[in-house]
Each structure stands twice: as structure tokens, then as C-alpha cells.
Trainee: 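Quick one: the structure is below, questions incoming.
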Amino acid sequence: MSELSAEDGVELQALLKELLSSISDRISAAPSTECAEEILLHLEETDKNFHNYGFVRYVRQYVESSLETVVEEETKNLTRGDGQHAIGSGQDALIHVVTRRTRESAEYQQMMQTLKNTMIMVVESLITKFEENQLKKEERLQEKQLSQSVSQYNCSDSDSSFNQGYAFIRQEQLQVLAEKLDSSRPKEVRWEALQALCCAPPSDVLSCESWSSLHRNLCVALSDPDLSDNVLQYFAKSFSSSPLNVTQEIYTSLAKCVESGFLTHKLSFPTDSVGIDINRPEISRLLKQIRLMNDFQKEVTTFWIRHPEKYMEKIIESTFSLLAPHYEYGSSYPGTEKTLEPIHLLALLDIKATWFKKWMHGYYSRTVVLRLLERKYKSLIVAALQQCIHYSDSCKIFTKETTDPQLVEEQNTGSVQRSVYSRKELEYAFFVHSLCVLGKLLIYANGRKLFPIKVRNRKDPISLTDLVVILINVIYQQPKPRSDTSHTDSLSPSSLVMEMLWMLCERTECAAECLYQTPVIEALLAPVIALLNGQQVKLKSPAAKLTLIADVLAHIANSDRGLALFLYENNLVLAQSERTCAAHVVVQFTLRLLNNDLSSLSESDVSHTLCGAFIFVCRQIYNTFEGLQVLRPYGLHKALAAAWKKKSSFSERVPSPVPGATAAVSPQELQNMLIWEETLLDSLLNFAATPKGLLLLQQTGAIKECVSHMFSRFTKKLQVSRCEKFGYGVMVTQVAATAPGVVALCSSGFVRALVIELWSTLECGKEDVRVVRPKTTPMDPIDRSCLKSFLSLVNLLSSSHSVWELLGRQPLANKSEYTLREMPTSIPDLIDRLIAVNSDAKINSLFHYEQSHTFGLRLLSVLCCNLDSFLLLETQYNICSILLQSQKENVTELDTDKGEFIIDSVSVERNHVLVRASLVGGPSERRLPPRTLQEGEHPYPWPMFSTYPLPQCYTLDPPKIQHTSQDSEISAFLASFMDTQSVEGWMHICRRQYCKTLTSRPDSLTGNVLADLLEKVVAHLSSSVSECFFSPAPYKAEEKSVRSVVLSSVEQLGIDICLRYGSYLKILKDDAVHGLMLLMKHVKIFLSTQAVKTSSELITQQEGYPGHDWLASTVFLIMAGDVDRSLSLLINLSSLLTSAFIWPARTQASVHVPVEVAESGIHPVYWCTAHSVEILLKAELPLVHSAFRMSGFTPSQMCLHWLTQCFWNYLDWREICSYVCTCVVMGPDYQVYMCVAIFKHLQPDILQHTQSQELQVFLKEEPIQGFKVSNYLEFMEGLENSYRNIVLTDMTSIRNPVM
């Protein structure tokens, strides 16, 4: 075995150095030498790159070459016959023996000794070289200290002030440096000591015993012009690497030094003719010091929360002490001499007060800041407030000038480095800084508590409202800029004030205290009122200023409290001392802008941007229920529609561009026209946010275009507006509740897109998603991926009128073959493929038959909840027959009668739908089978069926109805009926007796008592001229003409349902079918004489009332099947206002409303009752109102559903009678109060199901459990006292609702 050569030693040395460099982090992190040795010993186990290191490869190669011969010989000896027998056949045993014998060999011992000696030499050589290198470094460092100066600290450097270098220094040296820094030493000695100190680690310096004297000498040196920069450099290093208890001490001493410098120099504030030069030595030095402080101010917030509060408090207090005014603040007018303060230079360095914003961001520091401002340093806020007032007053003085040239120069050349700043520029920087500080204070409650503040030259203290008004005036008085882009400059006064006002608007409590005040609204609308009065306004660039003001007004009107201020505070004075509210002023100004009827504004000032801004303000008002009530008389919808029609017709006349020809309209002008047209369409569309607004939109004739515009934005997932928190979901639902709305949705492509999206999700899945793992089998009947589409369909088909428009006269395809690529594109197609699955072709066309059919059955279940929708589906498609046949075929033995029903998700769902569709009754009158299986021997104990009648277990015992009750007070009162009594007096007593009986003995208001009460009340009211809202219509039909009337299949099915319900309640006789059919024929003739002949293309407007007359059926049951009493009651009821709302068929295309409203296809129950319900919900039940908004569903749709079918299937019979009787006796407005009471009763359930995203399904499928009219009568009487004037006024406007 040869020895390692010298070249091998050099190579080993390099490889070992490389290995140590690679693992230096691990070794340096070891807490002791023993731990470092452990790391090296186990390096192969912990380092995945171990075998890649050059040193390891070299050693392995050396071992292999040294021991290769020994290993081969030992292996041969052991693999011979005798050796193999000796050790056995295991390979592991062979390796073990070879290894042992090799380690015992002489060659191995010689290799280890050679390697050991060589490594000792290599390691010693490395240690020697390291020590030599360290000595050389120390020598170079000393030479550098003596021969070179440290780079100067430059405050205009864009990098941070925290720049460091590191060396080592001993305690003895620090003691010497402290002595050399004494102020009695020569300046050269102090300078050299500072150079050495700057090169030392701050941690060593700050921990030395002589730090106190060293710190004292540094503070003294800081005031020396020749030494200041070196001290700042050391302070900068200390700030970045020292704990807060030390940096706090340095910072406070720096602040005191800066404060002392300002007091010593007493620098004059620049005058109008002479600016301030920051290159002046004394100013440059102070600016550098403040720059370092400002850097620290902005960085310290990231770590001071980890230290005791006292250090943070000292930093904040020293800052405030420095920035607080040290001299009496000068006059508010230019030309007055005053002194330059630290706050002025800080404003130049940090013009937007970033340091203060960071200090106010966290609660930990904000508490201390506000406490110190309140107790000791309120003068800081006074100075900031005084500067804002000063700037506002300066604007007034210079308002006749076109602009401030120096200010414009500053704004336009912000990127150019400058050294001289004028007086106005410095004051403006201080104004911006003060504005940012005040803005940050106002958004916090304790910051607002600092107001009101007493300032000089003001008699009264400045309140929050006063400050906002001053800032609004700054917008008005800002000199006219040279270019329009200055308004968007981040440092322009308008932009700064607007940014602050937006910030206030976003915080409810802050906006309530600062913005939602009458003086603020007066200030905002002052130029608007002046223009309305024909006065000239002193505004530079009025269109731009008014546009900004409109933006603030829109933000205010978007909140509830701000809207209330707009609608109900009559504090604004128009012409002739007329006092009005802000909403009236804004809408009048908007109409004048639309009509270009403002003589005080030039035509160039009345731009589409300005007009659109004020339309947007109106939009925040009229897209609310209470706001629309106020703005409706102005006919804004008509003005917007007229402007849109004018612009769209002009756009159509613009010729297409021809290459080479001169364009009649420039591309920019054409783009502006399109934007203006979209603005008008979008504004019209927002009328659809409320039921009555949707009627107004329909009357403009632009509903189809507006819905198409909505669909285009909806598909792009665009926000409704910058003020809206929700998307178009609520608006789509509101539109879909009406016949013209759903027709517009269909023609826009919305319904087609919805169906295709559903089918893609349900049957196809998303093609653009790469399949990494198989899709899990859905466990819920409606998979989460399909839930959104399902709820969208429920919203779309919630109203029976929508169902009739989409399905009426639309047969199912029922093809003999469906291709797998054939997708449904309409609602009839969807029903054909998912619900009416009655052939093998349809089953085979579905990729997921069970899931898709269950989805269709769930949708059918929701549709059947609306009785009129069910009547259409059953008469047109025989849905129940299809389901019964499917159940019949879903048995174990199809060819025999002994087969049992197969229980699966589809058969359980079909059973539920069949029971729901076949039985009528309230929560305690029918039992719906569950959709889930239960554990045990019988997972589904509910009987299935394939033929009628239903099993008896689904029908509960009927309620006991007392047909006679002689001992009740209401019966005694009706028996003493006197014709001589006045209507008012008798009705007052009747209402009092009714309320008393309903609350004390509600069971007595049934049978004949209820029939007599209704009959006599209606007769009494209809005989009074004052109570007859509609002209009494004489009715007398010949028996022959009545018998010739043909009832539709829908009406006949409705009669069958009514008869089954009456038979269940045991209030109808077996021959009642003829009586009910006769009544329906009479009613049909009577209502036809009260209807207008319409030319509408809507299906719901062409063949009478779409659906069954549920009120007439209810009256028939109340009268126990007496046709004459029922007809007489209905005819007398028709002259009362109540009939317009509780009897939907009464006002279908009625002659008693304007023709255009009668032809609209929107029922008064929707645009009047439901509209009023939403107004009251927002005021009385805000949580319920918000829940509906979040779910994308509307209370209007649910009210329309309930009221159209007279609460059948939702309330028990007794409560249905109470509903009808309450509305007749107490007044039509009680219909509104009844709906609000139900929502109050359901509030806990509504909130719960909103969270689970099933609110729509819950409200439609579930009956109203536990609701009693008698329990909520007192609540409804309270609503009457508060809202009767509003609700009844709206109901009586039925004759002219669009004015």
C-alpha cells in the first residue's frame, strides 16, 4: 500500500474545505462542540447529498483501491465448498464475514494509518491558512479606517436609511472611543472616533458599559454640522439591528436634537417672493435627521407590539412633542410671517402621512396615539385643522385666478428632483399632510371624540360636520386646472378630499356622524340648488366638480341612514322659500339635465358624464322601495326611456364606415354614444329592483332591451354597480316573477343559457376540467355542483304566470329516439328529458338516469307547490299519470299483481310528489311522506301506490267545524244588526267585536257564524257610497247563457281539487260539484264584463285568468256550498277595494285600471301588496330582508305565491278563513300585515335555511307550521298604526299606479 502523495494532500484539502462550506450552516447552528461532532458523525443519515460530496467520493475511491484485493481473496475463500458449509447459504452472512476479516487484515490497518496521518496534515494546514487570512483581514480593516472615509449619509437617496457594515470591537476600544467623542476633544479626534464607531456592530456598542456616556456624546455631536452625518449613519445602523428599548432611546434623543435645532435656528417660513432651499446647510441637516426619523416611524410598527407598551409610548410622545407647534400659529392669510416647524419638513418627506396611517392601523398603537392626542398634544390636531381652514380661505382669495402656477408646476413635475420650494408649495404639502392625518382620525370613534375643536379666528368650535363642509368647499373653490387629467392626480385637492369622503362613506358609524348631517347635504347640493334657481355658480370647471359631488351623493344614498336623510329631511330651500328634501332636488336637477334645460350651465358643461352621475344618484334612490315611492311622481322612468329611444334611433341612423370615405361620426364619438346608451339602459334596468319599479319599466316599452343588457352583463359576471354588494340574482328573480319579465328573459337567451348550463353540469360535467380521479357518486338528491342551477330554475319558475308563459301551449317532444349529444334548450325540453321520463328512449339518453331523474322530480315537487302551475302541468302533460305508471312498472314482478314496489331514490321521490300533488291541506290536515330512508327492518314504512285513491295514512283527521255558535258575542252582535246604524259606527263596533272574538275564542269564527259575518260586513260596506271603491256592477245572467259557458280543463281540475278538500273538511255535500261549477260559470261571466279587450301577446292575457279562482272556491266552502250566497257575496265584494287584492281574478286585465297597466300582465298583488310587504320587511324585520337578498330570492315572489292561491296548502282551513275575514273586516291593508306577520313567524327558519342555501325550497315546499292569525293580531294592529297611511295610499293608487 503506497503512501498518499503531496498532490493527493492538496486535493484532499480542497475537497474537505468544500464539504465544510456545504454544511457550515448546520455546524454553526450547533449549541456546543459535542453537538457539532454528532452532526458530522450522522451526516450520512441526515444529508441526502452526502454521497455527492467530492470528499466522500474521493475517500470511497481510495478505500476501494486499497482493499479491493483483500476483499476478492476473502470472498473466494468463503465461497468454496468448505467455506460455504461453514457459514451457510445466506448472502448477508457472507458479507458480514468478509467485512470482519477485511477489517482484521494488515492492509486495512495500513490504509487507516495512512489516511489518518494525511488528514491530520490537511486539517492543520487549513487551520493555519484560516488564521493567516483573519490577520490579513484585520490589517486591511485598520488600513481602511485610517486611509478612507466612510460614505456620506445622503437623505435624498431613494433606498432606506438603514445601511450597515460589520466588524469586531473590544470593550476596551469602546471605552477609548467614548472618551474620544467627548465634546472637549478636537473635532478631528471625534471624527475618527465616529468613523470607527460606524464600523462596529451596534449590538457590541449598545451592550458596553460606557454606552451612557457614549450616547450622551453622540447627541452632542449630532448638533455639530461636521459630525452630524456620521452620527446619523450610526443611528441608522442601530435602528435596524437593535432591540426596541435601545432604539427608543436613540429615537427620542434624535427627536430632542431636531427639536433643539429648530428652536436654535428659528428658521423663517418662506415668503411669497423667497422660497425655501433645502440645500442650505442647516435645513439640509434637519431634513436628513427628520428623514431618518420618518424611516424609523414607518418601520417600527412591524415589531413594537412584541415589546412593552412603555417603549412605544415614549416613541410616540417624543414624536408628538417634536411635531407640536412651538410658536403661535400665524394668521390664516398669505403674507403673514411665521416660523418653519418640523411638521413642514416632515410633510415634504411624507406628504400623505404614511407614518401616521401605520401608527393608527393597529389597535395596540392607536390607543396610545389617541390618548396622547387627547390629553397632551391636541395642538397637533388644532394645527392640522387650522391648515385646512387656511387652505380653504386661500382658495377663496385666489378663486378669481385661473390657477396657481407654482402648484401646477409641482404637480406636473413631481418626478423631477428639486431643491427650492415656494411658500404655497410648502403650505400645500402641509395641507395634504394635515388632511391625511385628519382623515385617519375621523374613521375611528375615539378620533372623532376629539371634536369639536376650538381654533383661532373662529367664534364657535369646529365640529365634525363643519370640517366636512370646509373640505367640500375646497372641492368647489379649487382653481381650474390646466388639463382635465389634474382631477385624477393623486395630490390634487379634489382627489384628496374625495378619497377622504369615500373612506368616510365606507364606514357606517363614521358616515353617520360625519356625512349624514343636514349641513353636509346642504353644502353638497348648494350649487345644484343655485342652478335650479337659475343662478350662476362660482365654480371652476363646473361639470367636473358637480360630477364629483354626485359621486359622494350616490355613496350617501346607498346606505339606509343616508337614504332616510335624502327622503325625509325637508331642510333644503328651493325657490320662493319652499322647503324640500334632497331626493326632490336631485331628481329635479337630473330631469333638467336630461332635457338640457339649465340656462346657467353652458351646453358644453352639460355632458353625458355629468348627467349619468346624477342619474346614478337617483338610481340609488329608486332601486329601493321607499325611494321609489318618493320619485315615482316625477316620471323619471319616462324621461330615461325617451332619452334612450332618442339615442338608440340616432345610433341606428349612423352609416357604416366606408374605406376611404370621411366618417360622419368619429370613433370616439361613436364610443361615447354607445356608453351613454348603455348608461340609460342600465339605469332603466334598475327599476326592476322592486315590484312597482318593474311595472314602471314595463310601461316604458324597454323591458326586453333592458333584460338583454342585463343578460350580457350577467354572462360576463359583471357587478351591478360600484355601490351594489350583490349581483344580478335578485333582479333576475324579480323580473322572472312576472309574465312580461319572463318573456323578456326567454327572448334574451337567459333561459336557454340556464338550461344548457344545467344540462352540462348534470349530465356532461365540465369538459375543461382535467380528470385526475374519478368523480365521486353524489350522496345528496341535488348534488352541490347542480344546486346553483336548481335554485336558479326555482327562482325562474316560482310564479305561475311565468310557468304559463314558458309552458303554455308547448307540447313535450316525446321522441322515439334521443341522441346522446342532444341537449335540451327550453323548459319544455327539460321537463321532457328529466321529469316525464316515460320511455326507454328517454332513460337510455341519460348518462346518470337516477341522479338526473331525481333532480327533475325535485324540481317538479317545487312546481307543484304552486297550485296554478300544477293545474297547467297536469292538464297539459298528465304528469300524475306518468308518475303513477312509472311506479306501477317499478315492482319486483312486473307481469304479476304480487310484485312489491322497489324502494330506491327515484320511487321514494315519485311517491312524495304524488302525495303532494294529490292532497290539499294545511300543516295539520295532510301528511307528506319523507324523502329519506330510516334504519331498521323497514327502511321505508310509507305505503307506495300506483292507482288512486291514496292510502289513508297520508290524510290526517279533519278539524271540527262548528256550524252554529249561538253563545258567542259576535253572533249576538250580528243578530242585533240594525239598518239605521251608520256604516262607520257599525264597522267600528264590528271590528272591535271581531278582534275580541278572534283573540279570545277563535274557534267560534267558523261555519255559519263566519259566513254570516262576511255576508253582513260586505253587504254593509257595499251599500255605502264612501266605502265603494269601484262602481257597483249590476249582474244578472240568464240561466241559458250561464249553462252555455264552457269551463277549461284547468278550471275543471281546480274544481275537482276544491271538492276533494271540501269533502275532507266535511262541509260540502255529495252533489256540491254542480253548485261549484255553476258558481264558476257565473263568476266567469261576471269578470268577463269587468275585463278589457287586450291585444297583448302574453298567454296569460289571452284567455281570461290563468289558473283557478281560489278565492271563489274559498267563499264557496265558507258558505257550505250555497251558490246564491257565494255569488251574492262575491258580487258585493267586487265593489270594495279589498277585492282588488284578495281576489286576484277580479283585477286580471280589469277595466278599473289604466289600459296599459291592464295589458301589462303584472298583477296588483305583485306591484302593490308585495311591494308594500318588502317596505315593511326592511323596516320591521331587517334580518329577514337581508336573508332574502343573500339568497337571491325575493319576498315578493313568495307573497305572490301565497296570496294567489289564498294560502291553500300553507295554512289550515281555519286560518285561511281568518285571513279572508280579517282582510274584509279590518281593511285591505291587513293583507300586507298578514304577510309580514308570517315572515316574522318564520324568521328563525328563514335565517337557518338561508345558511344552508335552500330558502326558496323551504318556503315553497313546507307549510307554515304553528301560525295562528289570532296570535299575531296585536302585531298587525301595531303595523296598522305605523303604516296604514302609507300602505292604504298606495293601494288606493291602483287606478293610476304609474304616475
Trainee: Can you give me the closest heavy-atom contact between S392 and V474, atom names plus distance?
Mentor: CB-CG2, 3.9 Å
Trainee: How many angstroms lie between atom CD1 of I305 and atom CG of L244, to the nearest 0.5 angstrom?
Mentor: 12.0 Å
Trainee: Should the pair Y391 and F431 be assigned to parallel (<30°), tilted (30 to 60°) or perpendicular (>60°) ring geometry?
Mentor: parallel
Trainee: Could you tell me whether R371 and E313 have a side-chain N and a carboxylate O separated by less than 4.0 Å?
Mentor: yes
Trainee: Can you tell me how far apart SG (C388) and CG (D393) are? Round to the nearest 0.5 Å.
Mentor: 11.0 Å
Trainee: May I ask you to check whether over 12 heavy atoms, not counting those of E309, lie within 6.0 Å of atom CD?
Mentor: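 More than 12 within 6.0 Å, yes.
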Trainee: Just checking, any donor-acceptor pair under 3.5 angstrom between side chains of S492 and S495?
Mentor: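 Present: a donor and an acceptor within the cut-off.
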Trainee: Heavy-atom count around E509 CD within 6.0 Å, excluding the residue itself: above 12?
Mentor: no
Trainee: Is it true that, when you exclude K256 itself, more than 12 heavy atoms of the residues, nucleotides or ligands shown sit nearer than 6.0 Å to its NZ?
Mentor: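 Result for NZ/K256: open.
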Trainee: Would you call K288 and D229 a side-chain contact if the rule is heavy atoms closer than 4.5 Å?
Mentor: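 A side-chain contact under 4.5 Å exists here.
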Trainee: Would you give the length of the straight line joining atom CG of L373 to atom CG of N446, rounded to the nearest 0.5 angstrom?
Mentor: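 Result: 11.0 Å between the selected atoms.
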Trainee: Which atom names give the shortest non-hydrogen contact between L340 and F262, and what distance separates them?
Mentor: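 The pair with the smallest heavy-atom distance is O-CD2, 3.5 Å.
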Trainee: Strictly distance-based, threshold 3.5 Å: is any side-chain N or O of N294 a donor or acceptor partner for the main-chain N or O of R291?
Mentor: no
Trainee: Under the side-chain contact (heavy atoms from CB on, under 4.5 Å) criterion, do F235 and T247 qualify, and how do the steps go?
Mentor: CA-CA 8 Å; F235 280 179; T247 55; over 6 Å; no
Trainee: Just so I know, are the side chains of L232 and L222 near enough to count as touching, which here means a heavy-atom distance under 4.5 Å?
Mentor: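 Result yes, sub-4.5 Å side-chain heavy-atom pair found.
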Trainee: Dump the intermediate steps for side-chain contact (heavy atoms from CB on, under 4.5 Å) on W355 and T301, then the final yes or no.
Mentor: CA-CA 9 Å; W355 67 276; T301 56; over 6 Å; no
Trainee: Any side-chain heavy-atom pair from Q289 and S228 closer than 4.5 angstrom?
Mentor: yes
Trainee: With a 4.5 Å cut-off on side-chain heavy atoms, are W359 and V368 touching?
Mentor: no
Trainee: Side chain of K454, backbone of K459: donor and acceptor closer than 3.5 Å?
Mentor: yes
Trainee: Flag the pair Y364 / M312 as yes when at least one side-chain heavy-atom distance between them is below 4.5 Å, and no otherwise.
Mentor: yes
Trainee: List the residues meeting side chain to side chain contact (heavy atoms under 4.5 Å, CB included) with N279, not counting sequence neighbours, and say none if there are none.
Mentor: D277, S419
Trainee: Is there a donor-acceptor pair closer than 3.5 Å between any side-chain N or O of E192 and the backbone N or O of V189?
Mentor: no
Trainee: State the NE2-CG distance between H344 and L267, to the nearest 0.5 angstrom.
Mentor: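 Rounded to the nearest 0.5 Å, the NE2-CG separation comes out at 11.5 Å.
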Trainee: Apply the test side-chain contact (heavy atoms from CB on, under 4.5 Å) to residues D350 and F356: give CA-CA distance (whole Å), side-chain angles for both, the deciding distance (0.1 Å), then the verdict.
Mentor: CA-CA 10 Å; D350 189 3; F356 189 76; over 6 Å; no
Trainee: Working to the nearest 0.5 angstrom, can you tell me the gap between D560 CG and T508 OG1?
Mentor: 9.0 Å
Trainee: Looking only at atom types and distance, does a side-chain atom of R366 sit under 3.5 Å from a main-chain N or O of H361, one as donor and one as acceptor?
Mentor: yes
Trainee: Keeping the roles fixed (side chain from S379, backbone from V382), state whether a donor-acceptor pair exists under 3.5 Å.
Mentor: no
Trainee: Do Y251 and M293 come within less than 4.5 Å of each other through their side chains, counting heavy atoms only?
Mentor: yes
Trainee: Rounded at 0.5 Å granularity, tell me how far NZ in K237 sits from OH in Y234.
Mentor: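 So the gap between those two atoms works out to 8.5 Å.
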Trainee: Please report the closest heavy-atom contact between R190 and D182, naming both atoms and the distance.
Mentor: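 Taking every non-hydrogen atom into account, CD-O, 3.5 Å.
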Trainee: Compare all side-chain heavy atoms of L442 with those of M500 and state whether any distance is below 4.5 angstrom.
Mentor: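 Counting from C-beta outward, L442 and M500 do come under 4.5 Å.
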Trainee: Is the shortest distance from a Lys or Arg side-chain nitrogen in R423 or E427 to a carboxylate oxygen in the other one below 4.0 Å?
Mentor: yes
Trainee: Would you tell me whether Q233 and N230 have side-chain atoms, one donor and one acceptor, within less than 3.5 Å of each other?
Mentor: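 The criterion, which ignores hydrogens and geometry beyond distance, is not satisfied for N230 and Q233.
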Trainee: Can you tell me if K310 has over 12 outside heavy atoms packed within less than 6.0 Å of its NZ?
Mentor: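 Counting other residues, nucleotides and ligands, NZ of K310 stays at 12 neighbours or fewer.
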Trainee: How close do L323 and L380 get, heavy atom to heavy atom, and via which atoms?
Mentor: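 The answer is O-CD2, 3.5 Å.
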Trainee: A side-chain contact here means heavy atoms from C-beta on lying under 4.5 Å apart; do S238 and V246 qualify?
Mentor: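 S238 vs V246: side chains apart.
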Trainee: Examine distances only and state if a side-chain atom of S284 and a backbone atom of R280 form a donor-acceptor pair shorter than 3.5 Å.
Mentor: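 The answer is no, because no donor-acceptor pair under 3.5 Å joins these two groups.
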Trainee: Has Q387 got a side-chain atom pairing as donor or acceptor with V432's backbone, closer than 3.5 angstrom?
Mentor: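 Flag not set: sc Q387 to bb V432 has no pair under 3.5 Å.
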Trainee: Main chain of H390, side chain of S394: is a donor-acceptor contact present, judged purely on distance under 3.5 Å?
Mentor: yes
Trainee: List the steps and the verdict of side-chain contact (heavy atoms from CB on, under 4.5 Å) for I521 and Y516.
Mentor: CA-CA 8 Å; I521 303 300; Y516 304 158; over 6 Å; no
Trainee: Write down the atom of Y476, the atom of L525, and the distance for their closest heavy-atom approach.
Mentor: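 Nearest pair, atom of Y476 first, then L525: OH-N, 4.4 Å.
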Trainee: How close do L322 and P342 get, counting heavy atoms only, and between which atoms?
Mentor: O-CG, 3.5 Å
Trainee: Enumerate the residue pairs fulfilling ring-ring contact (aromatic ring centres under 6.0 Å, His included) with a member in residues 436-457, sequence neighbours excluded, ordered by first and then second residue.
Mentor: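 Output for this query is empty, none listed.
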